[in-house]
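Both backbone and side-chain heavy atoms feed into the values below; hydrogens, waters and symmetry mates do not. Just so you know, residue 1 is the first one in the sequence shown, and it goes up from there. Quick caveat: nothing in here was measured; it's all calculated off a predicted structure.
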Amino acid sequence: MSFFHELAHQYIDGEWLTGSGSWDIIDFNPYNGEKLAAVTVATALEVDRAYRAAERAQREWASVNPYERRAVLERALRITGERAEEIAEAIIDELGGTRPRARYEVDSATEFLREAIRQALRPTGRLLPAVGDGRENRLYRLPVGVVGVISAFNFPFLVTMKSVAPALALGNAVVVKPHQNAPVVGGGLIAKIFEDAGLPAGLLNVVITDSAEIGDAFIEHPVPKVISFTGSDRVGRHIAATAAGSFKRTILELSGNSALVVLEDADVEYAVRSAVFSRFLHQGQVSMAANRILVDRSVAEEFTAKFTAEVAALRAGDPRDPETRIGPVINAFQADALDALVDRAVADGATALVRGRTVGNVVGPTVLTGLAEDSPLLRQEILGPVALLMTFDGEEEAVRIVNEGPYGLSGAVHTRDAERGVKFAQRIVSGMFHVNDSTVQDDPLVAFGGEKTSGVGRLNGEAVVEAFTTQRWMSIQHGRSVFPY
């Protein structure tokens with residue numbers, strides 16, 4: 001409990017502070033309802049102070065030798081490793097994640113931090129040919145300045161670290177606004193790691209607040225040049241429009257409605273295991289999760305029997321129980337919404353092959369089939385343990401179904417012919433698509449992001465250099481130019 005009280009504060013210019021707002025964000029354990037901490041919200045004044053501190057600190061940080069920046073990140077990596085179990089415990093308490101899922105997040109974030117260490121030395125200048133005689137063209141890659149990060153509740157430690165670590169490595173300063181359901185895992189924990197790693201004050205700031213308090217102050221503030229947001233497409237659309245008004249760059253990782261496709265020649269048992277993981281990881285509260293599971297009619301009976309048996313066997317309950325695979329969803333509002341969603345689908349004619357019970361915030365896994373082709377449920381993101389099972393006749397129909405709807409984040413196809421899978425994937429409008437694997441994939445070296453309303457921009461690898469740096473052209477005339485007048 002004291003652990004949460006210590007880190008559930010604003011962190012501005014190297015100081016742990018109480019916000020000056022008139023109300024508190026209450027941090028609850030979503031499984032048992034325990035109050036973990038109360039955080040007095042930051043106001044627009046604290047947001048301004050955080051951005052101004054970042055602006056001041058970044059000027060010097062940009063000129064620091066990249067090897068020195070790398071050394072800070074190396075210490076942060078070591079501290080993260082030493083505190084891995086403590087971080088996992090926080091994920092279990094604050095997010096309701098099971099222990100395997102908590103370690104999965106910590107391990108993934110560690111890999112991204114390790115890649116950020118390499119990125120500290122990655123940006124290079126280039127010499128380019130010039131049209132005129134005696135001229136030299138230099139192209140410098142420079143930090144953008146200050147980055148605003150708005151993170152999500154589902155994998156907040158990983159999602160926040162994916163922007164914070166490379167942004168710092170590349171010479172920027174950062175202000176983080178964690179999700180109000182994850183103020184510690186998505187904010188305070190990361191600030192403490194970098195503070196203890198010796199990051200100079202002001203380069204990383206955390207403001208815990210809500211738009212009800214600050215409006216658009218976090219986005220509209222004149223200091224940040226890039227806003228990196230992970231969350232719903234509805235909020236992302238607003239952020240994009242608001243940021244565009246002040247010519248800010250946005251990196252938007254938004255909603256998904258991913259499909260996992262099982263072709264007639266797939267290894268059915270392996271496809272079942274992949275589908276169960278793809279749909280039910282962290283209670284399905286993952287934007288890359290397989291909302292829709294599409295199965296060729298010729299293998300549908302076998303797949304359905306095995307899939308429903310696996311799903312029915314998933315234990316739902318206490319995330320601290322090592323046998324639990326389905327913990328609580330993030331809050332009671334989400335639990336109620338999922339119940340209503342399933343009830344409405346059944347009332348509209350769908351069949352529940354598996355129907356989980358809801359106890360508190362623990363929503364048992366559900367499998368629905370027989371939805372009408374025009375059901376809105378097939379075109380929306382479902383952040384919960386509800387799988388939609390569909391059949392199709394041949395690849396053409398499968399491609400059509402997968403591409404329907406507004407989203408294009410991730411997906412997967414299963415077939416014994418890998419090159420057939422590649423050709424299938426090339427026909428899908430999606431930022432990411434995987435052959436013979438799960439829909440939930442992330443890799444520090446590979447560009448991550450969506451198409452259509454699933455996002456704008458990319459993170460990871462070389463893409464993160466594009467996201468958090470800018471290019472500056474400098475030309476030098478070593479001779480004399482000839483001017484027309």
Trainee: Under 3.5 Å, is there a donor-acceptor pair linking the side chains of Asn291 and Tyr407?
Mentor: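 Absent: no donor and acceptor within the cut-off.
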Trainee: Can you see whether Thr439 engages Ser258 through a side-chain donor-acceptor pair at a distance of less than 3.5 angstrom?
Mentor: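 No pair is found: no donor N or O on one side chain lies under 3.5 Å from an acceptor on the other.
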Trainee: Residues two or more places apart in sequence or in another chain: which of them pass salt bridge (Lys or Arg N to Asp or Glu O under 4.0 Å) with Arg320?
Mentor: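 Arg320 satisfies salt bridge (Lys or Arg N to Asp or Glu O under 4.0 Å) with Glu89, Asp93 once adjacent residues are dropped.
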Trainee: Once rounded to the nearest 0.5 Å, what's the spacing between atom CD of Gln283 and atom CG of Asn154?
Mentor: 11.0 Å
Trainee: For Thr43, which residues count as a side-chain contact (heavy atoms from CB on, under 4.5 Å) partner, sequence neighbours excluded?
Mentor: Ser20, Leu45, Glu46, Glu213
Trainee: Salt bridge check: are Glu74 and Arg70 linked by an N-O gap of less than 4.0 Å?
Mentor: yes
Trainee: Between Asn172 and Gly145 (side chain of the first, backbone of the second, donor and acceptor by atom type, cut-off under 3.5 Å), is there such a pair?
Mentor: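 At least one qualifying donor-acceptor pair exists.
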Trainee: Which residues satisfy the side chain to side chain donor-acceptor pair (under 3.5 Å) test with Asp443, sequence neighbours excluded?
Mentor: none
Trainee: Let me confirm one number: the OG1-CD1 distance from Thr209 to Ile214, rounded to the nearest 0.5 Å.
Mentor: 4.5 Å
Trainee: Using the test side chain to side chain donor-acceptor pair (under 3.5 Å), find all partners of Asp216 that sit at least two apart in sequence or belong to another chain.
Mentor: His238
Trainee: Salt bridge or not for Arg141 and Glu466, using N-O below 4.0 Å?
Mentor: yes
Trainee: Strictly distance-based, threshold 3.5 Å: is any side-chain N or O of Arg69 a donor or acceptor partner for the main-chain N or O of Val64?
Mentor: yes
Trainee: By the salt bridge (charged side-chain N to carboxylate O under 4.0 Å, His left out) test, which pairs, at least two apart or in different chains, include something from residues 452-463?
Mentor: Arg122-Glu462, Glu451-Arg458
Trainee: Rounded to the nearest 0.5 Å, how far does CZ of Arg49 lie from CG of Asp13?
Mentor: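 So the CG of Asp13 and the CZ of Arg49 are separated by 6.5 Å.
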Trainee: With Glu94 as reference, evaluate Asn181, Asn29, Val184 under the side chain to side chain contact (heavy atoms under 4.5 Å, CB included) test and give the passing residue.
Mentor: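 Running side chain to side chain contact (heavy atoms under 4.5 Å, CB included) over Asn181, Asn29, Val184 with Glu94 returns exactly one hit, Val184.
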Trainee: Hey, can you pull the donor-acceptor pairs under 3.5 Å for the side chains in residues 334-342, sequence neighbours left out?
Mentor:
unit_1	atom_1	unit_2	atom_2	d
Gln334	NE2	Leu383	O	2.6
Asp339	OD1	Thr358	OG1	2.8
Asp339	OD2	Thr358	OG1	3.2

Trainee: Residues in side chain to side chain donor-acceptor pair (under 3.5 Å) with His414, at least two apart?
Mentor: Ser274
Trainee: I'd like to check the side-chain contact (heavy atoms from CB on, under 4.5 Å) partners of Lys192; sequence neighbours left out, ordered by chain and number.
Mentor: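 Once residues adjacent in sequence are excluded, the partners of Lys192 under the side-chain contact (heavy atoms from CB on, under 4.5 Å) criterion are Glu6, Leu7, Trp16, Arg83, Glu195, Asp196.
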Trainee: Ser287: which residues meet the side chain to side chain donor-acceptor pair (under 3.5 Å) condition with it, sequence neighbours left out?
Mentor: none
Trainee: Got a sec: does the CD of Glu85 have more than 12 other heavy atoms crowding it under 6.0 Å?
Mentor: yes
Trainee: Scan residues 46-103 for pairs that pass ring-ring contact (aromatic ring centres under 6.0 Å, His included), counting only residues two or more places apart or in two chains.
Mentor: Tyr51-Phe218, Tyr51-His221
Trainee: In terms of side-chain geometry, is the basic nitrogen of Arg273 or Glu310 positioned less than 4.0 Å from the acidic oxygen of its partner?
Mentor: no
Trainee: Taking CD in Glu60 as the centre, count heavy atoms belonging to other residues, nucleotides or ligands within less than 6.0 Å. Is the count above 12?
Mentor: no
Trainee: Tell me which pairs pass salt bridge (charged side-chain N to carboxylate O under 4.0 Å, His left out) where either residue lies in residues 162-190, with sequence neighbours left out.
Mentor: Lys162-Asp442
Trainee: When you measure from the side chain of Asn361 to the backbone of Pro30, do you find a donor-acceptor pair of N or O atoms at a distance under 3.5 Å?
Mentor: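 It does hold such a pair.
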Trainee: Salt bridge (Lys or Arg N to Asp or Glu O under 4.0 Å) with Arg237: which residues, sequence neighbours excluded?
Mentor: none
Trainee: Look only at the side chain of Thr324 and the backbone of Ile326, and say whether a donor-acceptor pair between them is shorter than 3.5 Å.
Mentor: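 Not a single qualifying donor-acceptor pair exists.
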Trainee: Does the structure place the NZ or CZ of Arg101 under 6.0 Å from the centre of the six-membered ring of Phe155, at an angle of no more than 45° from the ring's axis?
Mentor: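 Satisfied, under 6.0 Å and within 45°.
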